[in-house]
Amino acid sequence: MKPLKVAASLSALTLALAACGGGGDDAAAEQGGSIESAAAGEPVTLQVACAAGFEHMPRQLADTQGFNEDANLTTECIQVNTGPEQSAALLSGGLDVALMNAANLAPLLDQQQDLVVFGNLRTATYFDIVVDTGYDLPSGGDWESVVQALEGSRFGVVARGAGAEILASAMFRAAGVDPASVTFIATGLPPTTIAALEGDTIDAALMFEPGVTLAVEQGIGTNPFSLQEGEGPEELDHPDMLLVTSRANFEQNAEPLCRLTQTWTQGAEFLHDPANEDIVAAEAQTLLQLPDEVVAPLLERNIPFIQESTQLSEDIDKAFAVLADNGAAQQAYTADDFAVEVC
């Protein structure tokens with residue numbers, strides 16, 4: 001295999017792109033990325049998106065526990081830190097497999113990029129809310145009263161115009177708050193978002209793990225209600241983290257992609273097996289660079305949100321309906337528009 005290298009603009013902590021999709025090259029997407037056709041079972045290399053997020057644990061375990069090796073599969077990690085970065089890499093042909101939330105994929109479908117989905121990883125949304133411990137919230141209030149108390153707040157999101165801001169805006173609207181009353185601030189990844197909370201730059205944020213657990217366990221923020229546990233707006237209670245590739249990759253290389261779903265399913269099953277607790281803890285600490293005291297609560301909170309199979313959830317349409325309802329997609333895409341089977 002001759003994997004295509006991603007340009008240096010995708011180096012760690014690059015946050016230059018500020019909108020989902022960030023443009024793209026139709027021709028590059030049609031070329032099908034870097035997979036070279038391989039006969040069934042032959043060695044093959046796939047370039048896959050990698051990031052320090054908990055949903056990458058099945059990928060991590062598939063590699064470190066030998067499931068990929070047993071399947072004659074090599075995955076080359078391409079580090080991406082935001083949805084826009086990942087979109088740019090996928091459209092340029094620099095990724096074979098992206099892990100996207102619906103808010104990142106819908107703008108690409110709006111651009112008529114020929115992309116397909118062949119699975120997903122999470123039973124729950126990617127993001128959850130964290131509020132600064134010093135912010136005045138109603139005591140014992142429901143999610144609506146909490147969100148209403150954040151009217152006029154400074155609200156952190158990974159990148160302006162990207163997935164976190166889209167979903168935060170939907171959350172505010174569901175509580176009857178005009179998102180225009182909120183000052184959205186791009187705070188990047190969990191370490192810089194937590195620093196923004198500590199430094200009184202923001203009052204609250206939508207974050208992904210390990211940021212939520214880190215902020216709560218270190219006393220920096222609270223999680224007054226959990227979007228991921230379905231305690232917020234009903235429309236934001238949906239599965240997430242889609243396995244995305246180009247249609248050309250799917251048509252030419254379904255068999256290697258099938259192998260990938262099988263090894264990642266093995267990784268997810270390994271994650272859920274209590275007998276593997278010590279190995280999983282060590283792998284999570286390595287992947288996410290966690291302090292010792294945060295590992296156990298992070299695993300307890302997050303393992304239930306990872307599917308035990310990469311099979312595409314029957315409820316995935318709900319993740320796209322909320323985007324259309326909030327003006328973030330041209331239509332409410334359904335699985336009929338993008339889903340394919342690789343096995």
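Quick note: numbers below take in every heavy atom, side chains included, and nothing from hydrogens, waters or symmetry partners.
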Asker: Please report the interatomic distance CG(Leu115) to CZ(Phe118), rounded to the nearest 0.5 Å.
Answerer: 11.5 Å
Asker: Does either side chain, that of Thr310 or that of Thr265, offer a donor lying less than 3.5 Å from an acceptor on the other one?
Answerer: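 Yes.
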Asker: Atom OG1 in Thr263, atom CG in Leu46: separation rounded to 0.5 Å?
Answerer: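 Thr263 atom OG1 to Leu46 atom CG measures 8.5 Å (nearest 0.5 Å).
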Asker: Would you say that Leu243 contacts Trp264 through its side chain, given a criterion of any heavy-atom pair below 4.5 Å between the two side chains?
Answerer: yes
Asker: May I ask you to decide if Thr286's main-chain N or O and Gln289's side chain share a donor-acceptor pair within less than 3.5 Å?
Answerer: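 Yes: the side chain of Gln289 pairs with the backbone of Thr286.
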Asker: Would you compute the distance between atom CD1 of Ile220 and atom CD of Glu217 and round it to the nearest 0.5 angstrom?
Answerer: 11.0 Å
Asker: Using only atom types and a distance under 3.5 Å, with no angle test, would you say the side chain of Gln228 pairs donor to acceptor with the backbone of Thr125?
Answerer: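 Present.
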Asker: Should Gln148 and Val177 count as side-chain neighbours, where that means a heavy-atom distance under 4.5 Å?
Answerer: yes
Asker: After noting the C-alpha distance and the side-chain angles of Leu150 and Val131, does the key distance pass the side-chain contact (heavy atoms from CB on, under 4.5 Å) rule?
Answerer: CA-CA 9 Å; Leu150 290 169; Val131 180; 4.3 Å; yes
Asker: Okay, side chain of Glu165, backbone of Gly161: is any donor-acceptor separation there less than 3.5 Å?
Answerer: yes
Asker: Would you check if Arg259 and Glu255 make a side-chain contact, meaning some heavy-atom pair closer than 4.5 Å?
Answerer: yes
Asker: Would you confirm whether Tyr333, through its side chain, and Ala321, through its main-chain N or O, come within 3.5 Å as a donor-acceptor pair?
Answerer: no
Asker: Could you walk me through whether Gln307 and Asn120 pass side chain to side chain donor-acceptor pair (under 3.5 Å), step by step?
Answerer: CA-CA 8 Å; Gln307 296 183 167; Asn120 74 284; 3.0 Å; yes
Asker: Shortest non-hydrogen contact from Pro256 to Val44?
Answerer: CB-CG1, 3.9 Å
Asker: Please lay out, stage by stage, how Gln65 and Gln266 fare under the test side-chain contact (heavy atoms from CB on, under 4.5 Å).
Answerer: CA-CA 9 Å; Gln65 301 307 306; Gln266 288 177 286; over 6 Å; no
Asker: Check the hydrophobic clustering (I, L, V, M, F, W, Y; side-chain heavy atoms under 4.5 Å; chains of links allowed) and say if Met241 and Leu206 are grouped together.
Answerer: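 In one cluster with Met241: Leu206, yes.
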Asker: Check whether any side-chain N or O of Arg154 sits under 3.5 Å from a backbone N or O of Asp200 as a donor-acceptor pair, and report yes or no.
Answerer: yes
Asker: What pair of heavy atoms forms the shortest contact from Asp136 to Ala149, and how long is it?
Answerer: O-CB, 4.3 Å
Asker: If you compare all heavy atoms of Cys343 against all heavy atoms of Gln262, which two are closest, and at what distance to 0.1 Å?
Answerer: SG-NE2, 4.1 Å
Asker: Considering only NZ, NE, NH1 and NH2 on the basic side and carboxylate oxygens on the acidic side, decide whether Glu235 and Lys318 come within less than 4.0 Å.
Answerer: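 Judged by the 4.0 Å cut-off on N to carboxylate O distance, Glu235 and Lys318 do not form a salt bridge.
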Asker: Under 6.0 Å between ring centres: does that hold for Phe54 and Phe208?
Answerer: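 For Phe54 and Phe208, the ring centres are not under 6.0 Å apart.
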Asker: Any chance you could measure Asp128, atom CG, to Glu231, atom CD, to the nearest 0.5 Å?
Answerer: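 Asp128 CG to Glu231 CD: 8.0 Å, rounded to 0.5 Å.
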Asker: Considering all heavy atoms of both residues, which atom of Ser226 and which atom of Arg301 are nearest to each other, and what is their separation?
Answerer: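 Looking at all heavy atoms of both residues, the shortest contact is OG-NH2, 3.6 Å.
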Asker: Under 4.5 Å between side-chain heavy atoms, counting indirect links through other Ile/Leu/Val/Met/Phe/Trp/Tyr residues: same cluster for Val182 and Met207 or not?
Answerer: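 They do not share one cluster, since no chain of ILVMFWY contacts under 4.5 Å joins Val182 to Met207.
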Asker: Donor-acceptor pair, Asn302 side chain versus Leu298 backbone, under 3.5 Å?
Answerer: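 Side chain of Asn302 to backbone of Leu298, a donor-acceptor pair under 3.5 Å: yes, one is there.
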Asker: Leu197, Met171: one ILVMFWY side-chain cluster at the under-4.5 Å cut-off?
Answerer: no
Asker: With the side chain counted from C-beta on, respond yes when Pro239 and Thr123 share a heavy-atom pair under 4.5 Å apart, and no when they do not.
Answerer: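 The answer is no; the side chains never approach within 4.5 Å.
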Asker: For the pair Thr187 and Thr192, evaluate side chain to side chain donor-acceptor pair (under 3.5 Å) and give the outcome as yes or no after the intermediate values.
Answerer: CA-CA 6 Å; Thr187 52; Thr192 48; 5.8 Å; no
Asker: Between Glu69 and Leu73 (side chain of the first, backbone of the second, donor and acceptor by atom type, cut-off under 3.5 Å), is there such a pair?
Answerer: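 No; zero donor-acceptor contacts below 3.5 Å.
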Asker: Has the side chain of Gln285 got a donor or acceptor atom that lies under 3.5 Å from a matching backbone atom of Leu290?
Answerer: yes
Asker: Check step by step if side-chain contact (heavy atoms from CB on, under 4.5 Å) holds for Ser246 and Asp114.
Answerer: CA-CA 6 Å; Ser246 69; Asp114 203 5; over 6 Å; no
Asker: Contact between Leu95 and Gln86 at the side-chain level, heavy atoms closer than 4.5 Å - yes or no?
Answerer: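 Answer yes - side chains close enough.
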Asker: Surrounding CD of Glu293 (heavy atoms of other residues, nucleotides or ligands, distance under 6.0 Å), is the total greater than 12?
Answerer: yes
Asker: Tell me, yes or no, whether the heavy-atom count around Glu341 atom CD, taken from other residues, nucleotides or ligands under 6.0 Å, exceeds 12.
Answerer: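 Counting other residues, nucleotides and ligands, CD of Glu341 stays at 12 neighbours or fewer.
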Asker: Taking everything shown except Gln331 itself, do over 12 heavy atoms lie less than 6.0 Å from its CD?
Answerer: yes
Asker: Just checking Phe320 against Phe338, ring centres under 6.0 Å apart?
Answerer: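 That pair passes the under 6.0 Å test.
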Asker: If you take all heavy atoms of Glu269 and Glu308, which pair is closest and at what distance?
Answerer: CG-O, 3.6 Å
Asker: Give, for atom CZ of Arg160 and atom CZ of Phe184, the distance between the pair rounded to the nearest 0.5 Å.
Answerer: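 Reported to 0.5 Å precision, the distance equals 7.0 Å.
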Asker: Would you indicate whether the side-chain heavy atoms of Cys50 and Leu99 approach each other to under 4.5 Å?
Answerer: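 Of all side-chain heavy-atom pairs linking Cys50 with Leu99, none is under 4.5 Å.
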Asker: Rounded to the nearest 0.5 Å, how far does OG1 of Thr183 lie from CD1 of Ile202?
Answerer: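 So the CD1 of Ile202 and the OG1 of Thr183 are separated by 12.0 Å.
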Asker: Could you tell me which non-hydrogen atom of Cys258 sits nearest to which non-hydrogen atom of Thr261, and how far apart they are?
Answerer: O-OG1, 2.7 Å
Asker: For residues Leu227 and Pro233, determine if any side-chain heavy atom of one lies less than 4.5 Å from a side-chain heavy atom of the other.
Answerer: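 Yes, close enough: below the 4.5 Å cut-off.
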Asker: Ignoring hydrogens and geometry, is there a side-chain-to-backbone donor-acceptor pair from Thr245 to Val97 under 3.5 Å?
Answerer: no
Asker: Go through the steps for Asp96 and Val48 under the test side-chain contact (heavy atoms from CB on, under 4.5 Å), then give the verdict.
Answerer: CA-CA 6 Å; Asp96 296 315; Val48 303; 5.7 Å; no
Asker: State which residue, out of Leu167, Asp240, Leu242, fulfils the side-chain contact (heavy atoms from CB on, under 4.5 Å) condition with Asn101.
Answerer: Asp240
Asker: When you check the gap from the basic side-chain N to the acidic O, do Glu209 and Arg122 get nearer than 4.0 Å?
Answerer: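 The answer is no: the pair does not qualify as a salt bridge.
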Asker: Quick one: does Thr334's side chain get under 4.5 Å of Asp337's, heavy atoms only?
Answerer: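 Yes, at least one pair of side-chain atoms sits under 4.5 Å.
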Asker: If only atom types and distance count, is the side chain of Asp63 paired as donor or acceptor with the main-chain N or O of Gly66 below 3.5 Å?
Answerer: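 Not a single qualifying donor-acceptor pair exists.
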Asker: Kindly work out whether a path of hydrophobic side-chain contacts (I/L/V/M/F/W/Y, heavy atoms less than 4.5 Å apart) joins Val212 to Leu287.
Answerer: yes
Asker: Does Leu271 belong to the same Ile/Leu/Val/Met/Phe/Trp/Tyr cluster as Val294, with side-chain heavy atoms less than 4.5 Å apart forming each link?
Answerer: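 Leu271 and Val294: one cluster.
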Asker: Report the C-alpha distance between Asp178 and Ser181 in whole Å, list the side-chain angles of each, state the deciding distance to 0.1 Å, and finish with yes or no for side chain to side chain donor-acceptor pair (under 3.5 Å).
Answerer: CA-CA 6 Å; Asp178 184 353; Ser181 71; 5.9 Å; no
